[in-house]
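Presented below is the structure to which this report refers.
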Protein chains: 2
Amino acid sequence: METENLNAPAPGEAVVATPESIDLDVLDNTLSFYLRALNMAVSRDWDVRIKDLHPIRGIGKVTALLLVGRHPGIRPSVVAQVLMKDRSEVGRVLDGLETSGLLARRISATDSRARALFLTPQGEEMADEVRRRVRESRRFFGDLTEAEYVAAITPLRSLYWRLVTKPRAAGSEVH
Amino acid sequence: METENLNAPAPGEAVVATPESIDLDVLDNTLSFYLRALNMAVSRDWDVRIKDLHPIRGIGKVTALLLVGRHPGIRPSVVAQVLMKDRSEVGRVLDGLETSGLLARRISATDSRARALFLTPQGEEMADEVRRRVRESRRFFGDLTEAEYVAAITPLRSLYWRLVTKPRAAGSEVH
DNA sequence: AAAAGTAGTGGACATAATCCACCAACGTTG
DNA sequence: CAACGTTGGTGGATTATGTCCACTACTTTT
């Protein structure tokens with residue numbers, strides 16, 4: 001088996017994870033790649049930051065909490081659009097918040113199919129704490145200046161709202 | 001019908017998913033939020049685009065394939081750093097590529113703990129196809145000009161490499 | 001008033017990600 | 001050289017995420 005090692009090492013064997021050493025091929029010019037990778041890193045950091053706040057662990061809970069806090073009576077389907085998630089998934093997120101006593105679902109006054117979402121007093125408290133943690137989480141990007149941070153976030157915010165408001169048919173783009 | 005709809009509708013009941021209507025609270029200034037949401041949208045689009053390429057479905061396979069293609073002999077741990085994923089998860093990604101006949105693992109010539117990764121001829125073909133699809137996927141952002149696309153990707157690329165080369169950034173600054 | 005569409009829920013399923021333990025190999029240090 | 005701590009890769013177990021589809025209740029359209 002180890003007689004195979006007589007060959008000269010392949011060039012890639014010396015590669016390390018630095019921009020000088022790694023060639024990302026087409027991915028270097030692919031926004032999706034960076035979105036995915038950075039999302040991984042950021043999510044891990046976030047999970048650590050809120051690992052003591054059991055009721056709001058999990059991806060969408062924070063956003064749902066803050067959204068409902070800011071917009072009492074908002075509907076789950078709107079939350080789903082903002083989160084860019086499936087309605088059924090958002091439903092489960094809301095289940096979690098509700099069973100933790102942070103959120104209440106009532107029947108909408110204007111459309112009895114729909115639900116109107118509200119925070120409980122505990123939900124409001126949790127929202128305060130969450131806001132604090134979110135602001136703290138900016139430190140994860142501590143070596144970014146404010147200008148750099150703004151430069152990164154601004155195009156993404158713009159893109160985000162385009163996708164949310166425009167019917168984003170998956171795989172079928174405008175030609 | 002035990003819920004009483006007697007009350008006037010809450011303000012949030014009229015909220016729709018537009019930037020004029022929605023207030024994202026602190027999340028509006030939180031990079032993580034946009035990274036997560038956009039990642040959702042982009043990943044869904046990508047899954048549709050490659051749903052016929054069974055062997056490379058799943059998150060990290062594309063990146064691994066292209067990386068190994070560009071750097072024959074690269075080690076799994078380096079791939080893991082680039083993907084920002086757990087080593088064991090990358091191991092399973094490589095398992096998938098290997099059982100699909102796209103990739104081969106050999107013992108590294110320089111360190112027999114490590115593996116040297118190579119694409120098979122089918123792997124090279126697949127990499128060609130993947131490159132094509134990745135370029136096509138740019139169309140998902142079809143309403144972004146090239147300048148806007150560059151404006152979005154440039155800060156993220158920079159941030160990405162900072163995090164890869166300096167994991168666990170705890171307040172020290174780069175320059 | 002029938003038909004078509006929408007809001008929310010729930011079940012079943014498939015991936016994705018984490019945690020932890022383990023073994024083999026490296027490379028120091030004395 | 002031999003014991004030690006460290007690193008690279010693998011595997012098991014568990015949990016979290018996300019998707020698909022079906023179903024009920026209600027609303028809107030015709």
Side-chain angles (χ1 to χ4, degrees), chain A residues 1-2 5 13 15-17 36-37 39-48 50-51 54 56-61 63-64 73-81 83-96 98-99 103 105-117 170-171, chain B residues 1 3 5 13 15-17 36-37 39-48 50-51 54 56-64 73-81 83-96 98-99 105-117:
Chain A
M1 299 298 181
E2 46 267 42
N5 302 0
E13 297 199 35
V15 166
V16 292
R36 278 177 198 251
N39 182 49
M40 291 284 317
V42 159
S43 297
R44 250 191 299 258
D45 176 71
W46 178 249
D47 284 349
V48 172
I50 61 163
K51 68 167 177 286
H54 299 246
I56 57 156
R57 293 184 63 190
I59 290 298
K61 295 221 178 85
T63 305
I74 194 172
R75 295 148 77 124
S77 53
V78 175
V79 176
Q81 285 179 274
L83 281 175
M84 289 183 154
K85 283 181 194 278
D86 197 69
R87 288 209 314 283
S88 61
E89 202 180 347
V90 169
R92 283 180 251 268
V93 167
L94 299 177
D95 285 346
E98 194 173 25
T99 61
L103 176 138
R105 287 189 251 219
R106 300 194 211 136
I107 309 269
S108 165
T110 56
D111 181 345
S112 67
R113 289 171 302 183
R115 304 287 181 264
L117 305 174
Chain B
M1 303 293 185
T3 319
N5 305 355
E13 296 199 34
V15 165
V16 293
R36 277 177 199 251
N39 182 49
M40 291 285 316
V42 158
S43 296
R44 250 192 299 261
D45 175 72
W46 178 249
D47 284 348
V48 172
I50 61 164
K51 68 167 178 284
H54 299 248
I56 55 155
R57 293 182 64 189
I59 292 295
K61 296 221 177 85
V62 166
T63 304
I74 195 173
R75 295 148 78 125
S77 53
V78 175
V79 175
Q81 285 179 273
L83 280 174
M84 290 184 153
K85 282 178 195 278
D86 197 69
R87 289 208 314 283
S88 63
E89 203 182 347
V90 169
R92 284 180 250 268
V93 167
L94 299 176
D95 285 346
E98 193 172 26
T99 61
R105 285 190 248 220
R106 299 195 211 135
I107 309 269
S108 165
T110 55
D111 181 344
S112 64
R113 287 171 302 182
R115 304 288 180 260
L117 304 174

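Note that the coordinates shown come from a computational prediction; the quantities given were computed from them, not determined experimentally. In what follows, chains are A, B, ... by sequence order, proteins preceding strands, each numbered from 1.
Residue B:Leu94 contributes atom CG, which lies 15 Å from atom P of D:dG8 at whole-angstrom precision. Computed from coordinates, the A:Trp46 CH2 to D:dA16 P distance equals 17 Å when rounded to whole Å. Note: CD1 (A:Ile107) to P (C:dT9) measures 9 Å, nearest angstrom. Taking atom CZ of residue A:Arg115 and atom C1' of nucleotide C:dT9, one finds them 8 Å apart after rounding to whole Å. Separating the NZ atom of B:Lys51 from the P atom of C:dT15 is a distance of 15 Å, rounded to the nearest angstrom. Spacing between atom CD of A:Glu13 and atom C1' of D:dG8 amounts to 13 Å, rounded to whole angstrom units.
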Verify side chain to side chain contact (heavy atoms under 4.5 Å, CB included) between B:Val48 and B:Lys51, making sure each step is shown before the conclusion. CA-CA 5 Å; B:Val48 172; B:Lys51 68 167 178 284; 4.0 Å; yes
Using the side chain to side chain contact (heavy atoms under 4.5 Å, CB included) rule, take A:Arg75 and A:Leu117 through it: C-alpha gap first, then chi angles, then the decisive distance, then the call. CA-CA 6 Å; A:Arg75 295 148 77 124; A:Leu117 305 174; over 6 Å; no
At under 4.0 Å between heavy atoms, how does the protein contact nucleotides 18-29 of chain C? Give one character per nucleotide, 5' to 3', with B, S or -. BB-----BS---
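Regarding contacts with the backbone of D:dG9, every side-chain N or O of B:Arg105 stays at 4.0 angstrom or more from both OP1 and OP2. Close to D:dG8, at under 4.0 Å from its OP1 or OP2, lies no side-chain N or O of B:Ser108.
Atom CE in B:Met40 sits 12.5 Å away from atom CG in B:Asp45 (nearest 0.5 Å).
In this view, B:Glu89 satisfies the side-chain hydrogen bond (donor to acceptor under 3.5 Å, both in side chains) rule with no residue, not counting sequence neighbours. Shown here are the salt bridge (charged side-chain N to carboxylate O under 4.0 Å, His left out) partners of B:Asp47, two or more places apart in sequence or in another chain: there are none.
DNA chain D is contacted by both B:Asp95 and B:Arg75; B:Arg75 maps to the nucleotide lying nearer its 5′ end (nearest heavy atom per residue).
When all heavy atoms of A:Ala17 and B:Val78 are compared, the closest pair comes out as N-CG1, 4.1 Å.
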